[in-house]
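Each remark here refers to the structure printed beneath this line.
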Amino acid sequence: MQTLSSEATATRSPLEEFFRDYVEGTGGAWETVEPQVYDVLLPSAEAGNELDPAGQGILRVAFDPEALPEHPAAQLASFGTPLVDRLLRAAAQRGRCAQAYLNGLNLAPHDLAGRVRRTLRLPEDLELEVRRVRTLHFAQTVFWFEATFVSDQKEHEILSIAVDLHHGRQVRHLEQLLDFQRLAEVPSRYLAEAHRMSVAAAYPLAREQVVRTLTSLANVRRRELTERVQRQIERMDRYYHDLQTELDEQMRRARKRGSDLAKFAPRRDTLDREHRLRVAELRQKSTLRVQLRLVNLLVIRQPKLLLPSVAVPASRPTAATELDLVWDPLTESLEAVTCPQCGSPTYVFQLDRLSRPACPNCGAATRRAK
Ligand SMILES: [Zn+2]
């Protein structure tokens with residue numbers, strides 16, 4: 001790839017790049033016939049079914065519509081064509097569940113102990129001692145959900161969320177985590193894995209977070225929808241009002257001519273009924289339904305530094321508490337520490353009634369209980 005001139009690469013669309021990678025990645029091969037036209041050998045009957053339902057084995061594929069007259073047997077590949085729809089569907093199917101390693105991080109940060117101490121806010125009489133530094137793989141899972149909003153129109157939205165499987169918390173720096181320059185199929189170094197929950201156990205956490213986001217998205221859409229439908233109803237009201245006015249005018253002229261007015265009453269009723277029906281239809285269409293489904297997930301294993309530490313109150317050295325601190329070399333920061341009493345994340349520690357380190361909530365609660 002690197003040997004190609006940047007000019008040749010620049011003319012290829014992301015779809016074309018993806019197509020080449022996909023064919024290679026699934027065990028097939030491609031050959032350039034001319035720029036943007038390929039002969040593709042599909043790997044196996046199983047994969048062939050995805051892209052080549054006719055079972056031809058070799059496909060000629062053109063990314064440039066202008067090349068089609070010269071290659072009448074070629075299939076056009078662009079968004080929305082059957083070939084690309086099948087390709088994307090097959091790729092999503094294959095990638096339902098994947099795993100990767102995040103490499104290339106600095107695992108020997110300068111003055112680690114000092115940075116840890118500066119990050120944590122400890123009471124004066126609490127001494128923190130970092131006992132060891134262990135480099136371990138920490139697993140994080142990215143969930144991709146597809147939300148479908150159905151009303152008078154249908155819209156899809158992809159929502160992604162990452163959960164740290166060690167702490168069981170949401171990962172805020174999702175973009176940094178999905179740095180495809182750093183993600184690889186194999187680790188640069190094999191490491192033991194830190195204690196973690198299963199992906200299945202993390203799923204409810206992810207879903208709970210996503211439902212929260214979804215609720216606000218749905219509220220925005222519902223507001224827009226209500227306004228849109230209200231405008232349509234107003235238009236409809238004006239339309240039927242105009243028809244009624246026209247009917248009144250016809251009646252006025254008929255009365256002048258001395259004609260029979262009896263035929264106007266049923267027409268007026270019909271208009272009324274039609275008007276009510278159309279408005280009811282519009283209101284019905286303005287109900288918003290939302291569907292949510294999990295489409296893909298990726299487990300990312302990343303080296304982090306586990307720092308088994310101990311917090312010792314100066315006044316009661318026997319009340320030493322073990323704290324597992326975690327340094328994340330990706331964000332170059334200390335992760336929030338799990339409060340030994342309540343399990344919530346915290347950077348601030350106080351001493352509770354028994355001189356044990358705890359988060360401000362637990363510290364304050366036990367002091368109140370005194
Ligand atoms: Zn607590």
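Counting starts at 1 for both ligands and their atoms, in listed order. FYI, side chains are in, hydrogens and waters are out, and symmetry mates aren't considered; it's all heavy atoms of this structure. These numbers come from a predicted model, not from an experiment.
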Taking side chain as C-beta onward, heavy atoms only, is F145 less than 4.5 Å from V295? no
Any Lys/Arg nitrogen of R253 or E249 sitting under 4.0 Å from an Asp/Glu carboxylate oxygen of the other? yes
side-chain contact (heavy atoms from CB on, under 4.5 Å) with C342: which residues, sequence neighbours excluded? C339, S344, C359, C362
Identify, with sequence neighbours excluded, every residue that meets side-chain contact (heavy atoms from CB on, under 4.5 Å) alongside A100. L183, L298
Using a cut-off of 2.8 Å, count how many protein N, O or S atoms are strictly closer to the Zn ion (ligand 1). 4
Applying side-chain contact (heavy atoms from CB on, under 4.5 Å) between K304 and each of D164, L136, L107, L105, report the one that passes. D164
Taking only residues two or more places apart in sequence or in another chain, which ones pass salt bridge (charged side-chain N to carboxylate O under 4.0 Å, His left out) with E185? none
